[in-house]
Amino acid sequence: MSLKRQRLMKPPLLLIPISLIQSNQSINHLLPKTRNPNFSASKSPMSSVSSQQQFRYTQTPSKVLHLRNLPWECTEEELIELGKPFGTVVNTKCNVGANKNQAFIEFEDLNQAIQMISFYASSSEPAQVRGKTVYLQYSNRQEIVNNKTAADVVGNVLLVTVEGEDARMVSIDVLHLVFSAFGFVHKITTFEKTAGYQALVQFSDAETATSARTSLDGRSIPSYLLPEEVSQCSLKITYSAHTDLTVKFQSHRSRDYTNPYLPVAPSAIDSTGQVIVGVDGRKMEPESNVLLASIENMQYAVTLDVLHTVFVAFGAVQKIAMFDKNGGVQALIQYPDVQTAVVAKGALEGHCIYEGGFCKLHITYSRHTDLSIKVNNDRSRDYTMPDAAVAMAPQPSHNPYPGNSQQYHAAGASHYQQQQHQQPQGGWGQQSGGQGHDPYMAAPSMHQGPGGHMPPHHYGGGPSGPMH
DNA sequence: AGCACA
(Lines give C-alpha, C1' and ligand atoms only; values in the text may rest on other atoms or scores of the structure.)
Protein backbone atom coordinates (compact mmCIF):
# COMPACT_ATOMS: atom_id res chain seq x y z
CA MET A 1 0.00 0.00 0.00
CA SER A 2 2.66 2.41 0.96
CA LEU A 3 4.50 1.10 -1.99
CA LYS A 4 1.67 2.02 -4.28
CA ARG A 5 1.65 5.46 -2.90
CA GLN A 6 5.32 5.76 -3.51
CA ARG A 7 4.92 4.77 -7.06
CA LEU A 8 2.02 7.08 -7.65
CA MET A 9 3.95 9.94 -6.20
CA LYS A 10 6.59 9.53 -8.81
CA PRO A 11 5.53 11.08 -12.08
CA PRO A 12 8.28 9.56 -14.19
CA LEU A 13 6.90 6.19 -13.42
CA LEU A 14 8.71 4.50 -16.23
CA LEU A 15 11.99 5.50 -14.78
CA ILE A 16 11.41 3.47 -11.71
CA PRO A 17 13.01 0.18 -12.50
CA ILE A 18 10.79 -2.76 -12.70
CA SER A 19 13.32 -4.56 -10.66
CA LEU A 20 12.47 -2.45 -7.68
CA ILE A 21 9.08 -3.92 -7.76
CA GLN A 22 10.62 -7.30 -8.22
CA SER A 23 12.89 -6.52 -5.38
CA ASN A 24 9.93 -5.82 -3.23
CA GLN A 25 8.40 -9.06 -4.27
CA SER A 26 11.45 -11.03 -3.44
CA ILE A 27 11.66 -9.28 -0.14
CA ASN A 28 8.10 -10.30 0.48
CA HIS A 29 9.12 -13.84 -0.09
CA LEU A 30 11.71 -13.49 2.54
CA LEU A 31 9.45 -11.91 5.06
CA PRO A 32 8.93 -14.20 8.00
CA LYS A 33 5.23 -14.66 7.29
CA THR A 34 5.10 -18.18 8.57
CA ARG A 35 6.80 -17.43 11.82
CA ASN A 36 5.15 -14.14 12.37
CA PRO A 37 1.77 -13.98 10.71
CA ASN A 38 1.20 -10.57 12.17
CA PHE A 39 4.27 -9.14 10.62
CA SER A 40 3.86 -5.96 8.73
CA ALA A 41 6.50 -3.56 7.71
CA SER A 42 4.93 -0.60 9.41
CA LYS A 43 4.54 -2.22 12.80
CA SER A 44 7.58 -4.40 12.81
CA PRO A 45 10.45 -3.83 15.20
CA MET A 46 12.49 -4.03 12.03
CA SER A 47 11.17 -0.68 11.03
CA SER A 48 14.71 0.46 10.47
CA VAL A 49 14.99 -2.10 7.72
CA SER A 50 11.72 -0.89 6.42
CA SER A 51 12.89 2.67 6.34
CA GLN A 52 15.96 1.50 4.54
CA GLN A 53 13.81 -0.05 1.91
CA GLN A 54 11.79 3.10 1.85
CA PHE A 55 14.99 5.03 1.32
CA ARG A 56 15.84 2.89 -1.61
CA TYR A 57 12.55 3.42 -3.28
CA THR A 58 12.84 7.13 -3.00
CA GLN A 59 16.11 7.09 -4.84
CA THR A 60 15.86 8.72 -8.17
CA PRO A 61 17.56 6.51 -10.70
CA SER A 62 20.90 7.78 -11.76
CA LYS A 63 23.54 6.46 -14.04
CA VAL A 64 25.80 6.93 -11.04
CA LEU A 65 25.69 4.17 -8.48
CA HIS A 66 26.86 4.48 -4.93
CA LEU A 67 28.65 1.43 -3.59
CA ARG A 68 29.48 0.75 -0.01
CA ASN A 69 31.00 -1.96 2.12
CA LEU A 70 33.76 -2.33 -0.40
CA PRO A 71 37.01 -3.96 0.59
CA TRP A 72 39.62 -1.47 1.61
CA GLU A 73 41.15 0.48 -1.22
CA CYS A 74 39.14 -1.20 -3.89
CA THR A 75 40.59 -0.41 -7.28
CA GLU A 76 39.03 1.20 -10.25
CA GLU A 77 39.61 -1.99 -12.20
CA GLU A 78 37.55 -3.98 -9.73
CA LEU A 79 34.72 -1.50 -10.01
CA ILE A 80 34.79 -1.63 -13.77
CA GLU A 81 34.73 -5.42 -13.62
CA LEU A 82 31.72 -5.27 -11.37
CA GLY A 83 29.81 -2.99 -13.68
CA LYS A 84 30.92 -4.39 -17.00
CA PRO A 85 28.19 -7.03 -17.31
CA PHE A 86 25.56 -4.32 -17.23
CA GLY A 87 27.05 -1.72 -19.49
CA THR A 88 29.95 0.59 -19.99
CA VAL A 89 31.47 2.17 -16.95
CA VAL A 90 32.59 5.61 -18.04
CA ASN A 91 33.84 6.87 -14.72
CA THR A 92 34.56 5.71 -11.23
CA LYS A 93 35.58 7.12 -7.94
CA CYS A 94 36.99 4.75 -5.43
CA ASN A 95 38.26 5.00 -1.89
CA VAL A 96 35.49 7.36 -0.94
CA GLY A 97 34.65 8.14 2.65
CA ALA A 98 36.59 8.06 5.86
CA ASN A 99 37.08 4.32 5.60
CA LYS A 100 37.82 4.42 1.91
CA ASN A 101 35.34 1.66 1.43
CA GLN A 102 32.80 3.45 -0.67
CA ALA A 103 32.84 4.19 -4.33
CA PHE A 104 30.86 5.49 -7.25
CA ILE A 105 30.56 4.09 -10.69
CA GLU A 106 29.02 5.94 -13.53
CA PHE A 107 27.52 4.15 -16.49
CA GLU A 108 27.39 5.45 -19.97
CA ASP A 109 23.65 5.14 -19.92
CA LEU A 110 20.95 5.33 -17.26
CA ASN A 111 19.46 2.05 -18.36
CA GLN A 112 22.72 0.28 -17.69
CA ALA A 113 22.68 1.52 -14.12
CA ILE A 114 19.09 0.39 -13.82
CA GLN A 115 20.09 -3.00 -15.18
CA MET A 116 22.72 -3.40 -12.52
CA ILE A 117 20.49 -2.30 -9.66
CA SER A 118 17.72 -4.48 -10.98
CA PHE A 119 19.89 -7.52 -11.27
CA TYR A 120 21.28 -7.39 -7.77
CA ALA A 121 17.96 -6.40 -6.29
CA SER A 122 16.49 -9.67 -7.42
CA SER A 123 19.60 -11.79 -7.35
CA SER A 124 20.19 -14.32 -4.65
CA GLU A 125 23.91 -13.62 -5.03
CA PRO A 126 24.90 -10.18 -3.83
CA ALA A 127 27.31 -8.04 -5.70
CA GLN A 128 30.79 -8.89 -4.49
CA VAL A 129 34.30 -7.57 -4.70
CA ARG A 130 37.02 -9.89 -3.47
CA GLY A 131 34.33 -12.02 -1.94
CA LYS A 132 32.93 -9.16 0.07
CA THR A 133 29.31 -8.21 -0.34
CA VAL A 134 28.92 -4.80 -1.87
CA TYR A 135 25.81 -2.72 -1.38
CA LEU A 136 24.54 -0.82 -4.35
CA GLN A 137 22.15 2.03 -4.77
CA TYR A 138 21.57 4.91 -7.06
CA SER A 139 23.68 7.84 -6.19
CA ASN A 140 21.91 11.01 -5.32
CA ARG A 141 24.00 12.70 -7.96
CA GLN A 142 23.65 12.39 -11.67
CA GLU A 143 27.29 12.29 -12.53
CA ILE A 144 30.64 11.77 -10.96
CA VAL A 145 32.24 15.13 -10.69
CA ASN A 146 35.94 15.63 -11.14
CA ASN A 147 36.65 12.06 -10.44
CA LYS A 148 40.12 12.02 -11.76
CA THR A 149 42.65 14.59 -11.02
CA ALA A 150 45.88 14.44 -12.92
CA ALA A 151 47.34 12.87 -9.84
CA ASP A 152 45.22 9.76 -10.39
CA VAL A 153 45.94 9.25 -14.06
CA VAL A 154 48.85 6.90 -14.48
CA GLY A 155 51.59 8.40 -16.57
CA ASN A 156 55.31 8.41 -17.15
CA VAL A 157 55.89 11.68 -15.32
CA LEU A 158 55.76 11.90 -11.56
CA LEU A 159 54.95 14.97 -9.54
CA VAL A 160 57.20 14.82 -6.51
CA THR A 161 56.71 17.02 -3.50
CA VAL A 162 59.67 17.14 -1.19
CA GLU A 163 58.52 17.70 2.35
CA GLY A 164 60.56 18.69 5.33
CA GLU A 165 62.24 21.64 6.93
CA ASP A 166 65.11 21.46 4.52
CA ALA A 167 63.21 20.26 1.48
CA ARG A 168 64.92 22.87 -0.67
CA MET A 169 68.27 21.46 0.26
CA VAL A 170 67.49 18.37 -1.77
CA SER A 171 69.37 18.92 -4.97
CA ILE A 172 68.20 17.85 -8.36
CA ASP A 173 71.16 15.48 -8.37
CA VAL A 174 69.94 13.74 -5.27
CA LEU A 175 66.49 13.41 -6.78
CA HIS A 176 68.02 12.04 -9.92
CA LEU A 177 69.99 9.55 -7.91
CA VAL A 178 66.99 8.41 -5.93
CA PHE A 179 64.71 7.98 -8.94
CA SER A 180 67.38 6.43 -11.13
CA ALA A 181 67.14 3.33 -8.99
CA PHE A 182 63.95 2.48 -10.85
CA GLY A 183 64.96 3.17 -14.41
CA PHE A 184 66.36 5.74 -16.73
CA VAL A 185 65.29 9.20 -15.70
CA HIS A 186 64.79 11.28 -18.83
CA LYS A 187 64.23 14.69 -17.35
CA ILE A 188 63.72 16.47 -14.07
CA THR A 189 62.36 19.91 -13.48
CA THR A 190 62.00 21.51 -10.09
CA PHE A 191 59.89 24.42 -9.05
CA GLU A 192 58.38 26.13 -6.08
CA LYS A 193 54.65 26.20 -5.58
CA THR A 194 52.32 26.69 -2.70
CA ALA A 195 52.62 22.97 -2.17
CA GLY A 196 56.28 23.60 -1.53
CA TYR A 197 59.35 22.37 -3.28
CA GLN A 198 58.27 20.11 -6.10
CA ALA A 199 59.81 18.26 -8.96
CA LEU A 200 58.57 16.60 -12.11
CA VAL A 201 60.44 13.42 -12.84
CA GLN A 202 60.06 11.93 -16.28
CA PHE A 203 60.55 8.24 -16.95
CA SER A 204 60.35 6.33 -20.21
CA ASP A 205 57.03 4.80 -19.40
CA ALA A 206 54.23 4.69 -16.90
CA GLU A 207 55.30 1.30 -15.58
CA THR A 208 58.67 2.58 -14.48
CA ALA A 209 57.09 5.69 -13.03
CA THR A 210 54.62 3.55 -11.17
CA SER A 211 57.30 1.37 -9.66
CA ALA A 212 59.13 4.46 -8.47
CA ARG A 213 55.98 5.98 -7.10
CA THR A 214 54.97 2.78 -5.34
CA SER A 215 58.36 2.38 -3.70
CA LEU A 216 59.13 5.97 -2.86
CA ASP A 217 55.84 7.64 -2.05
CA GLY A 218 55.89 8.67 1.58
CA ARG A 219 59.46 7.51 2.08
CA SER A 220 62.36 9.58 3.28
CA ILE A 221 65.44 10.42 1.31
CA PRO A 222 68.36 8.55 2.84
CA SER A 223 70.25 10.93 5.05
CA TYR A 224 73.56 9.98 3.52
CA LEU A 225 72.38 11.47 0.26
CA LEU A 226 71.71 14.79 1.86
CA PRO A 227 74.17 17.48 2.82
CA GLU A 228 75.29 17.53 6.40
CA GLU A 229 72.89 19.11 8.86
CA VAL A 230 69.89 18.59 6.61
CA SER A 231 66.91 17.21 8.42
CA GLN A 232 64.60 14.49 7.21
CA CYS A 233 62.98 15.01 3.84
CA SER A 234 60.16 12.82 2.66
CA LEU A 235 58.64 12.43 -0.76
CA LYS A 236 54.99 12.69 -1.72
CA ILE A 237 54.48 11.36 -5.19
CA THR A 238 51.57 11.48 -7.57
CA TYR A 239 51.33 11.32 -11.30
CA SER A 240 51.64 14.39 -13.41
CA ALA A 241 49.53 15.11 -16.44
CA HIS A 242 52.71 15.81 -18.36
CA THR A 243 54.14 13.24 -20.69
CA ASP A 244 57.18 15.11 -21.91
CA LEU A 245 58.86 17.88 -20.03
CA THR A 246 60.44 20.80 -21.80
CA VAL A 247 63.95 21.46 -20.59
CA LYS A 248 65.75 24.29 -22.33
CA PHE A 249 68.88 24.33 -20.25
CA GLN A 250 70.74 22.16 -17.86
CA SER A 251 70.49 24.03 -14.63
CA HIS A 252 69.92 23.53 -10.97
CA ARG A 253 66.22 23.70 -11.68
CA SER A 254 65.99 21.35 -14.58
CA ARG A 255 67.89 18.62 -16.31
CA ASP A 256 67.49 16.69 -19.49
CA TYR A 257 69.45 13.48 -19.13
CA THR A 258 68.60 12.41 -22.65
CA ASN A 259 70.51 15.35 -24.04
CA PRO A 260 73.77 15.93 -22.24
CA TYR A 261 74.81 18.46 -24.86
CA LEU A 262 72.00 20.75 -23.92
CA PRO A 263 73.58 24.06 -22.98
CA VAL A 264 74.00 24.99 -19.41
CA ALA A 265 71.74 27.83 -18.48
CA PRO A 266 73.67 31.10 -18.78
CA SER A 267 72.02 32.26 -15.62
CA ALA A 268 73.50 29.30 -13.83
CA ILE A 269 77.09 30.23 -14.56
CA ASP A 270 78.98 33.16 -13.21
CA SER A 271 81.97 34.85 -14.79
CA THR A 272 84.32 32.20 -13.51
CA GLY A 273 82.22 29.50 -15.05
CA GLN A 274 81.02 28.26 -11.72
CA VAL A 275 77.49 27.17 -11.33
CA ILE A 276 76.03 29.38 -8.73
CA VAL A 277 72.30 29.10 -9.06
CA GLY A 278 70.30 26.78 -6.91
CA VAL A 279 66.67 26.02 -6.79
CA ASP A 280 64.69 29.22 -7.00
CA GLY A 281 67.77 31.25 -7.58
CA ARG A 282 69.10 30.42 -4.19
CA LYS A 283 72.38 28.72 -3.83
CA MET A 284 71.49 25.35 -2.45
CA GLU A 285 73.93 22.71 -1.38
CA PRO A 286 76.70 25.15 -2.12
CA GLU A 287 79.25 23.71 -4.41
CA SER A 288 82.77 23.50 -3.23
CA ASN A 289 86.15 22.54 -4.51
CA VAL A 290 86.29 20.12 -1.59
CA LEU A 291 84.23 16.97 -1.73
CA LEU A 292 83.12 14.89 1.20
CA ALA A 293 83.07 11.24 0.22
CA SER A 294 81.64 8.53 2.40
CA ILE A 295 82.25 4.95 1.51
CA GLU A 296 79.50 2.43 1.91
CA ASN A 297 79.86 -1.32 1.97
CA MET A 298 83.60 -1.09 2.35
CA GLN A 299 84.43 -4.73 1.84
CA TYR A 300 87.90 -3.82 0.64
CA ALA A 301 90.24 -1.40 2.25
CA VAL A 302 90.05 1.96 0.58
CA THR A 303 93.36 3.61 1.04
CA LEU A 304 94.39 7.15 0.53
CA ASP A 305 96.07 6.10 -2.69
CA VAL A 306 92.97 4.41 -3.99
CA LEU A 307 91.00 7.53 -3.35
CA HIS A 308 93.63 9.62 -5.03
CA THR A 309 93.54 7.40 -8.07
CA VAL A 310 89.79 7.61 -8.26
CA PHE A 311 89.53 11.34 -7.85
CA VAL A 312 92.57 12.40 -9.82
CA ALA A 313 90.83 11.14 -12.93
CA PHE A 314 88.85 14.36 -12.94
CA GLY A 315 91.55 16.82 -12.15
CA ALA A 316 94.42 17.57 -9.88
CA VAL A 317 93.86 16.47 -6.34
CA GLN A 318 95.43 18.89 -3.93
CA LYS A 319 94.70 17.29 -0.61
CA ILE A 320 92.97 14.29 0.86
CA ALA A 321 92.04 13.73 4.46
CA MET A 322 90.48 10.50 5.63
CA PHE A 323 88.69 10.00 8.90
CA ASP A 324 86.23 7.71 10.59
CA LYS A 325 82.70 8.83 11.08
CA ASN A 326 79.56 6.98 12.06
CA GLY A 327 81.37 3.70 11.94
CA GLY A 328 82.41 4.26 8.36
CA VAL A 329 85.20 5.89 6.51
CA GLN A 330 84.88 9.34 5.05
CA ALA A 331 87.31 11.45 3.15
CA LEU A 332 87.66 15.04 2.14
CA ILE A 333 89.11 15.52 -1.33
CA GLN A 334 90.29 18.93 -2.34
CA TYR A 335 90.47 20.07 -5.93
CA PRO A 336 91.91 23.39 -7.05
CA ASP A 337 88.55 24.56 -8.36
CA VAL A 338 84.87 24.01 -7.96
CA GLN A 339 84.27 22.91 -11.55
CA THR A 340 86.50 19.92 -11.20
CA ALA A 341 84.79 18.95 -7.97
CA VAL A 342 81.41 19.26 -9.65
CA VAL A 343 82.52 17.03 -12.48
CA ALA A 344 83.97 14.47 -10.12
CA LYS A 345 80.91 14.48 -7.92
CA GLY A 346 78.57 14.12 -10.86
CA ALA A 347 80.54 11.24 -12.28
CA LEU A 348 81.29 9.35 -9.10
CA GLU A 349 78.27 9.86 -6.92
CA GLY A 350 76.58 6.60 -6.15
CA HIS A 351 79.09 4.51 -7.99
CA CYS A 352 81.31 1.84 -6.63
CA ILE A 353 85.04 1.73 -6.57
CA TYR A 354 84.95 -2.01 -7.02
CA GLU A 355 82.65 -4.24 -8.99
CA GLY A 356 79.96 -6.00 -7.06
CA GLY A 357 78.65 -3.01 -5.19
CA PHE A 358 81.69 -2.73 -2.99
CA CYS A 359 82.90 0.56 -1.66
CA LYS A 360 80.07 2.68 -2.95
CA LEU A 361 80.78 6.38 -2.94
CA HIS A 362 78.41 8.98 -1.62
CA ILE A 363 79.66 12.42 -2.34
CA THR A 364 78.58 15.81 -1.09
CA TYR A 365 80.16 19.18 -1.15
CA SER A 366 82.14 19.97 1.93
CA ARG A 367 82.00 23.30 3.62
CA HIS A 368 85.76 23.38 3.52
CA THR A 369 87.58 25.17 0.79
CA ASP A 370 91.10 24.51 1.92
CA LEU A 371 92.04 21.54 4.01
CA SER A 372 94.66 21.84 6.64
CA ILE A 373 96.92 18.83 6.33
CA LYS A 374 99.27 18.75 9.28
CA VAL A 375 101.08 15.58 8.41
CA ASN A 376 101.39 13.36 5.42
CA ASN A 377 100.55 9.83 6.42
CA ASP A 378 98.26 7.01 5.40
CA ARG A 379 95.20 9.04 6.32
CA SER A 380 95.98 12.49 5.06
CA ARG A 381 98.14 13.99 2.39
CA ASP A 382 98.93 17.32 0.89
CA TYR A 383 99.91 16.68 -2.69
CA THR A 384 100.89 20.27 -3.20
CA MET A 385 103.77 19.98 -0.78
CA PRO A 386 107.13 19.54 -2.47
CA ASP A 387 107.91 16.46 -0.41
CA ALA A 388 104.57 14.88 -1.10
CA ALA A 389 106.00 12.61 -3.75
CA VAL A 390 108.51 11.34 -1.26
CA ALA A 391 105.86 10.68 1.28
CA MET A 392 103.88 8.77 -1.30
CA ALA A 393 106.72 6.45 -2.08
CA PRO A 394 105.58 3.32 -0.26
CA GLN A 395 102.73 1.92 -2.30
CA PRO A 396 100.25 -0.50 -0.77
CA SER A 397 100.39 -3.79 -2.57
CA HIS A 398 96.62 -3.92 -3.02
CA ASN A 399 96.37 -0.62 -4.80
CA PRO A 400 94.33 -1.56 -7.84
CA TYR A 401 95.71 1.36 -9.83
CA PRO A 402 99.43 1.19 -9.27
CA GLY A 403 100.22 2.96 -12.50
CA ASN A 404 98.20 5.97 -11.51
CA SER A 405 99.70 6.80 -8.22
CA GLN A 406 102.12 9.36 -9.49
CA GLN A 407 99.69 11.27 -11.58
CA TYR A 408 99.59 14.45 -9.65
CA HIS A 409 100.57 17.53 -11.59
CA ALA A 410 100.30 21.06 -10.46
CA ALA A 411 98.54 22.10 -13.63
CA GLY A 412 94.78 22.34 -13.64
CA ALA A 413 92.91 22.24 -16.90
CA SER A 414 95.57 20.62 -19.01
CA HIS A 415 95.91 17.96 -16.43
CA TYR A 416 92.20 17.37 -16.58
CA GLN A 417 92.33 16.72 -20.29
CA GLN A 418 95.25 14.46 -19.87
CA GLN A 419 93.56 12.35 -17.29
CA GLN A 420 90.68 11.54 -19.54
CA HIS A 421 92.81 9.07 -21.38
CA GLN A 422 94.35 7.49 -18.36
CA GLN A 423 91.21 7.08 -16.46
CA PRO A 424 89.63 3.89 -17.78
CA GLN A 425 91.02 1.41 -15.33
CA GLY A 426 89.37 -0.65 -12.73
CA GLY A 427 85.75 -1.45 -12.17
CA TRP A 428 84.11 1.90 -11.93
CA GLY A 429 86.23 3.35 -14.67
CA GLN A 430 84.61 1.08 -17.18
CA GLN A 431 81.30 2.70 -16.51
CA SER A 432 82.37 6.24 -16.18
CA GLY A 433 83.17 6.98 -19.74
CA GLY A 434 86.42 5.18 -20.13
CA GLN A 435 85.76 4.53 -23.78
CA GLY A 436 85.78 8.22 -24.42
CA HIS A 437 82.24 8.22 -25.70
CA ASP A 438 80.86 9.62 -22.53
CA PRO A 439 79.79 13.06 -23.60
CA TYR A 440 80.29 14.29 -20.12
CA MET A 441 83.91 13.39 -20.17
CA ALA A 442 84.36 14.49 -23.73
CA ALA A 443 83.04 17.92 -23.01
CA PRO A 444 84.75 19.22 -19.92
CA SER A 445 83.41 22.66 -20.63
CA MET A 446 80.05 21.32 -19.52
CA HIS A 447 81.17 21.62 -15.99
CA GLN A 448 77.72 21.47 -14.53
CA GLY A 449 76.44 18.78 -16.80
CA PRO A 450 74.38 15.88 -15.64
CA GLY A 451 75.83 12.95 -13.92
CA GLY A 452 72.87 11.22 -15.39
CA HIS A 453 74.05 9.31 -18.35
CA MET A 454 76.23 7.14 -16.28
CA PRO A 455 74.42 3.87 -15.91
CA PRO A 456 72.91 3.81 -12.49
CA HIS A 457 73.11 0.09 -12.06
CA HIS A 458 75.66 0.25 -9.33
CA TYR A 459 73.48 2.46 -7.34
CA GLY A 460 71.14 1.49 -4.65
CA GLY A 461 70.23 -2.07 -5.32
CA GLY A 462 66.97 -1.48 -7.08
CA PRO A 463 63.54 -0.34 -6.14
CA SER A 464 63.59 -1.80 -2.68
CA GLY A 465 67.07 -0.67 -1.92
CA PRO A 466 67.95 2.88 -1.25
CA MET A 467 65.15 4.16 0.86
CA HIS A 468 64.52 3.45 4.48
C1' DA B 1 26.98 -0.35 6.03
C1' DG B 2 24.40 5.21 3.72
C1' DC B 3 27.08 9.97 -0.95
C1' DA B 4 32.71 12.65 -3.05
C1' DC B 5 35.88 18.95 -2.15
C1' DA B 6 40.44 16.30 -5.35
Side-chain angles (χ1 to χ4, degrees), chain A residues 6 15-17 19-20 23-24 26-27 30 41 44-80 82-83 86 89-108 110 112-114 116-121 123-155 157-161 163 193-196 198 200 209-210 213 217-218 235-242:
Chain A
Q6 287 287 340
L15 286 182
I16 295 183
S19 64
L20 289 188
S23 146
N24 179 59
S26 72
I27 285 169
L30 296 172
S44 160
M46 296 173 68
S47 57
S48 65
V49 171
S50 176
S51 69
Q52 280 189 5
Q53 301 306 328
Q54 202 99 351
F55 184 57
R56 285 178 65 173
Y57 291 116
T58 60
Q59 295 291 291
T60 306
S62 164
K63 59 188 196 306
V64 181
L65 302 184
H66 176 232
L67 321 198
R68 56 201 158 84
N69 200 41
L70 287 160
W72 185 70
E73 288 199 349
C74 173
T75 65
E76 174 177 34
E77 287 69 31
E78 289 170 311
L79 297 179
I80 293 173
L82 195 65
F86 306 97
V89 176
V90 296
N91 207 350
T92 65
K93 182 166 185 63
C94 25
N95 304 327
V96 169
N99 298 328
K100 305 242 182 240
N101 58 358
Q102 299 175 47
F104 298 92
I105 65 177
E106 179 176 338
F107 282 101
E108 180 183 53
L110 176 65
Q112 296 171 350
I114 293 172
M116 186 166 181
I117 292 290
S118 304
F119 177 84
Y120 285 113
S123 168
S124 56
E125 293 294 318
Q128 289 187 327
V129 170
R130 291 183 226 166
K132 198 170 181 219
T133 295
V134 172
Y135 299 91
L136 300 170
Q137 61 189 154
Y138 296 113
S139 171
N140 53 26
R141 303 197 197 181
Q142 291 304 116
E143 60 182 5
I144 294 177
V145 294
N146 251 353
N147 172 53
K148 281 181 188 157
T149 63
D152 297 322
V153 181
V154 173
V157 178
L158 297 177
L159 172 62
V160 180
T161 305
E163 299 187 327
K193 279 282 182 64
T194 50
Q198 294 187 300
L200 291 164
T210 299
R213 191 191 84 95
D217 187 21
L235 302 173
K236 284 277 171 57
I237 306 176
T238 64
Y239 294 103
S240 162
H242 291 89

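Chain identifiers are assigned alphabetically (A, B, ...) following the order of the sequence lines, protein sequences preceding nucleic acid strands; residue numbering begins at 1 within each chain.
Counting any heavy atom pair closer than 4.0 Å across all strands shown, A:E143 reaches a base atom. Counting non-hydrogen atoms under 4.0 angstrom, A:N140 reaches a base of the nucleic acid.
Applying the ring-ring contact (aromatic ring centres under 6.0 Å, His included) rule to A:F107 yields no partners; only residues at least two apart in sequence or on another chain are considered. Under the salt bridge (charged side-chain N to carboxylate O under 4.0 Å, His left out) criterion, A:R130 pairs with A:E78, sequence neighbours left out.
Nucleotide B:dC3 holds its C1' atom 14 Å from the CD atom of A:E106, rounded to whole Å. In this structure, A:N91 places its CG atom 17 Å from P of B:dA6, rounding to the nearest Å. When the P atom of B:dC5 is taken as reference, atom CD of A:Q102 falls 11 Å away, rounded to whole Å. Atom CG of A:N95 and atom C1' of B:dA6 are 13 Å apart (whole Å). Put simply, CG on A:N99 is 8 Å from P on B:dA1, counting in whole angstrom units. Protein atom CZ of A:F104 is 12 Å distant from nucleotide atom C1' of B:dC5, rounded to whole Å. Per the geometry, CD1 belonging to A:I144 stands 15 Å off C1' belonging to B:dC5, to the nearest Å. Between the NE2 atom of A:H66 and the P atom of B:dA1 there is a distance of 13 Å, given to the nearest Å.
When distances run from any side-chain atom of A:Q59 to the nucleotides B:dC3, B:dA1, B:dA6, the shortest one goes to B:dC3. The listed nucleotides are B:dA6, B:dA1, B:dC3; the one nearest the side chain of A:K93 is B:dA6.
Remark: side-chain polar atoms of A:E106 are paired, donor with acceptor, to backbone N or O of A:I144 under 3.5 angstrom. A donor-acceptor pair is defined here as one N or O able to donate and one able to accept, closer than 3.5 Å; such a pair exists between the side chain of A:S62 and the backbone of A:R141.
To the nearest 0.5 Å, atom CG of residue A:N95 and atom CD of residue A:E76 are 10.5 Å apart.
Regarding contacts with the backbone of B:dA4, a side-chain N or O of A:R141 is found under 4.0 angstrom from either OP1 or OP2.
Mapping A:V96 and A:N101 onto DNA chain B by nearest heavy atom places A:N101 at the nucleotide closer to the 5' end.
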